[in-house]
Amino acid sequence: MEQENKITNPYARVVAFIFLLLGSVVMLFPFFWMISGSFKTLREITSPAIIWWPEEMQWQNYTTVLTMESNPFGTYFRNSTIVAIVNTVFTLFTTILGAFAFSRLEFKGRDKLFNLLLATMMVPSQMYIITNFITITRMNLYNSLWAQILPYSASVFYIYLLRQFFNQIPDQLYLASKVDGCSDWKFLWKIMVPNAKSSLVTIGLFNFIASWNAYLWPLMVTGDINKRTLSIGLKYFASDSGSDYHLMMAGATIVVLPLIVIYLIFQKYIIQGIARGGLKG
Amino acid sequence: MVGQNSKKTFLKAMLYLLPALLVVAVFVIFPMFHTLRMSFYEDFNIYSKEGSGFGLSSYIWVLQDPTFHKALLNTFIYAVVTVPVSIVLSLFIAILLDSRIRGSKFFQTAYFLPYVTNAIAIGLAFRFIFHSEFGVFNKFLGLFGIDAIQWLNDPDWSMFTLCIFGIWSALAFKIVIFLAGLQGIDPQLYQAARIDEAGKWKQFIKITLPQLGPIMAYQFVIATINAFKCYEEVIGLFGDDGPLHSATTMVYYMYDKFYNANRYTIAAASGVLMFLIIMVFTFIQLRMSNKKAEQ
């Protein structure tokens with residue numbers, strides 16, 4: 001069948017193409033400029049002419065940034081990776097168990113509890129952090145990676161998403177497995193989880209990206225350099241380094257490159273995830 | 001027997017829910033009430049982190065603080081500018097992406113990319129692009145004889161620059177949602193319209209827009225909430241709250257009062273006010289879009 005909303009006029013198609021092309025240049029340019037800047041010399045950065053690509057790529061900008069004493073991006077990178085991975089594993093675990101309980105176990109007050117949890121999603125997380133800072137300090141977790149991991153290791157929103165998916169898995173499977181004497185626990189991990197693989201990948205990806213990009217909370221609970229993650233490390237580096245934009249761009253590229261790689265590999269999951277769940281902007 | 005069973009199911013469900021409930025109770029539900037309580041303390045001891053008294057002094061202080069007025073005004077400007085502009089632009093782009101133009105696969109990848117990237121890092125790239133002396137944007141404008149503009153250092157320009165960055169960052173998410181919405185419209189509607197010889201513009205007004213109604217409402221609500229939470233964009237672009245605090249926002253204000261000024265009750269009060277404003281706007285928007293849907 002013909003595509004219904006196709007633009008038919010050939011001139012209009014050319015105009016549309018040119019518009020999309022210009023738009024994509026605007027969208028991609030900051031990335032290009034960041035990467036190109038990260039390979040420039042200080043002289044090229046401050047030159048009055050527009051230099052699209054450096055004459056010689058300055059790879060040492062990266063080694064400088066990764067091993068700097070005042071802002072060790074190597075350490076930041078390690079911390080970000082640990083926090084994002086551990087946090088994602090925890091979140092997936094709590095989400096799977098929670099979604100299963102709300103989807104398959106018929107306990108008293110289930111719907112009331114579920115609605116109560118959904119209501120908490122309306123409150124902006126910025127409001128929690130004041131109290132959470134006090135809580136984390138009282139738990140003696142200030143300036144630890146745990147402080148960045150724990151508060152975000154469960155998410156009502158992800159439970160809501162996964163429950164929707166679990167609900168689509170036919171009930172007959174559950175009843176049949178019960179007849180066979182299969183326990184709930186075994187059913188969850190042997191049948192439900194493998195079936196929900198694509199949803200879990202999407203949730204895992206979103207959680208990883210959110211954790212990697214987290215800024216305000218890690219900033220509040222981090223005291224010294226060794227516990228900083230990339231986002232805050234980059235911010236401190238930018239305030240310290242004046243106009244060394246070539247080094248700043250190298251730091252920014254170190255933060256963004258893993259995200260671009262993840263996006264290019266998992267684009268399908270990420271786009272579907274946003275479109276289906278309408279994941280927070 | 002039955003009672004026994006339901007008790008057992010309840011216990012089992014609680015075991016499954018325990019990890020999630022524990023985290024949500026400690027780090028989401030408790031803070032909601034605690035922050036609210038904190039905002040009404042008359043006195044707060046920073047060392048023991050305990051408060052006493054009950055009153056409105058924090059709210060009165062916040063509401064009389066000119067910096068809060070500035071933050072409130074800026075946040076409103078940011079929302080009023082970035083939300084409509086990014087929605088119109090992203091709808092337009094989504095329609096073009098949906099029109100089977102050559103290379104639309106590549107274009108989709110390009111337009112969605114900013115969704116996954118870090119606001120601090122990309123903000124830094126924008127800072128570099130908009131730098132008044134050696135930023136590429138001013139150099140580019142120079143080719144047309146336009147004098148260098150102090151995008152980031154002039155308090156009169158800072159909100160403008162912040163809005164450009166805000167619109168750029170907000171497009172990707174909206175394009176994805178609109179594109180999914182467009183692809184969900186029943187093609188028969190367009191077929192019928194073509195039989196009636198309705199033009200493209202008429203099809204857009206009569207079919208596309210009404211069909212996208214609920215998605216539009218959703219986009220407005222989410223975009224407004226996100227605009228009210230604007231903070232990382234400011235830090236990425238300026239490193240602080242801009243020249244002469246000209247780009248301060250509500251979240252920036254709250255964080256600054258809490259962390260830099262150690263005024264915990266003030267921060268809590270401004271947090272509660274922010275929550276209330278967001279709630280009011282969400283309700284108004286949902287109301288308006290429900291009314292439109294009923295008509």
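Note that the structure is a prediction, hence the values are computed from the model and not measured. Heavy atoms only: backbone and side chains are in, while hydrogens, waters and symmetry mates are out.
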Go through it in stages, so that I can follow the logic: the residues are A/M127 and B/M274, the test is side chain to side chain contact (heavy atoms under 4.5 Å, CB included), and I'd like the CA-CA distance, side-chain angles, deciding distance and then a yes or no.
CA-CA 8 Å; A/M127 214 181 121; B/M274 187 175 84; 5.8 Å; no

Most heavy-atom pairs under 4.5 Å with chain A, out of B/A125, B/A180, B/G142, belong to B/A125

Under a 4.5 Å heavy-atom cutoff, which of B/I235, B/V24, B/I122 has the most pairs with chain A?
B/I235

Contacting region of B/L21 [heavy-atom separation from chain A under 4.5 Å]
side chain

Close aromatic pair by centroid cut-off 6.0 Å: B/F107 and A/F17
yes

Does any N or O in the side chain of A/Y215 come within less than 3.5 Å of the main-chain N or O of B/I120, such that one atom is a donor and the other an acceptor?
no

Just checking, any donor-acceptor pair under 3.5 angstrom between side chains of B/T109 and A/Q267?
yes

A/F19 vs B/F92 aromatic rings, parallel, tilted or perpendicular, using cut-offs 30° and 60°?
perpendicular

Cut-off 4.5 Å, heavy atoms of chain B, and the answer for A/V26 is both

Within a strict 4.5 Å, meaning less than it, do heavy atoms of the B/T117 and A/V255 side chains meet?
no

Dump the intermediate steps for side chain to side chain contact (heavy atoms under 4.5 Å, CB included) on A/L97 and B/L18, then the final yes or no.
CA-CA 9 Å; A/L97 294 186; B/L18 190 68; over 6 Å; no

Applying a strict 4.5 Å limit to non-hydrogen atoms, the region of B/F258 in contact with chain A is side chain

A side-chain contact here means heavy atoms from C-beta on lying under 4.5 Å apart; do B/P31 and A/T135 qualify?
no

Side chain proximity check, A/Y128 to B/T35, heavy atoms < 4.5 angstrom
no

Please classify the contact between B/V116 and chain A as side chain, backbone, both or neither, with a heavy-atom cut-off of under 4.5 Å.
both

Is B/L113 close to A/I260 at the side-chain level, that is, under 4.5 Å between some pair of heavy atoms?
yes

What's the verdict on side chain to side chain contact (heavy atoms under 4.5 Å, CB included) for B/L11 and A/F107, showing C-alpha distance, side-chain angles and the deciding distance?
CA-CA 9 Å; B/L11 276 177; A/F107 61 94; over 6 Å; no

Ring centres under 6.0 angstrom apart (A/Y152, B/F27):
no

Evaluate the ring planes of B/F134 and A/Y245, with Trp represented by its six-membered ring, and classify them as parallel (under 30°), tilted (30 to 60°) or perpendicular (over 60°).
perpendicular

Heavy-atom check, side chain of B/Y255 versus side chain of A/Q126, under 4.5 Å
no

What part of B/F178 is in contact with chain A, defined as an atom under 4.5 angstrom from a non-hydrogen atom: side chain, backbone, both or neither?
neither

For chain A, the option from B/G135, B/P114, B/G181 that forms the most heavy-atom pairs under 4.5 Å
B/P114

Test ring pair (Phe, Tyr, Trp, His ring centres under 6.0 Å) on B/F112 and A/Y263 and set out the steps.
CA-CA 9 Å; B/F112 297 165; A/Y263 168 72; 7.5 Å; no

Is any side-chain heavy atom of B/Y16 less than 4.5 Å from a side-chain heavy atom of A/F102?
no

Just wondering, do B/L17 and A/L113 contact through their side chains at under 4.5 Å, heavy atoms?
yes

A side-chain contact here means heavy atoms from C-beta on lying under 4.5 Å apart; do A/I274 and B/I177 qualify?
yes

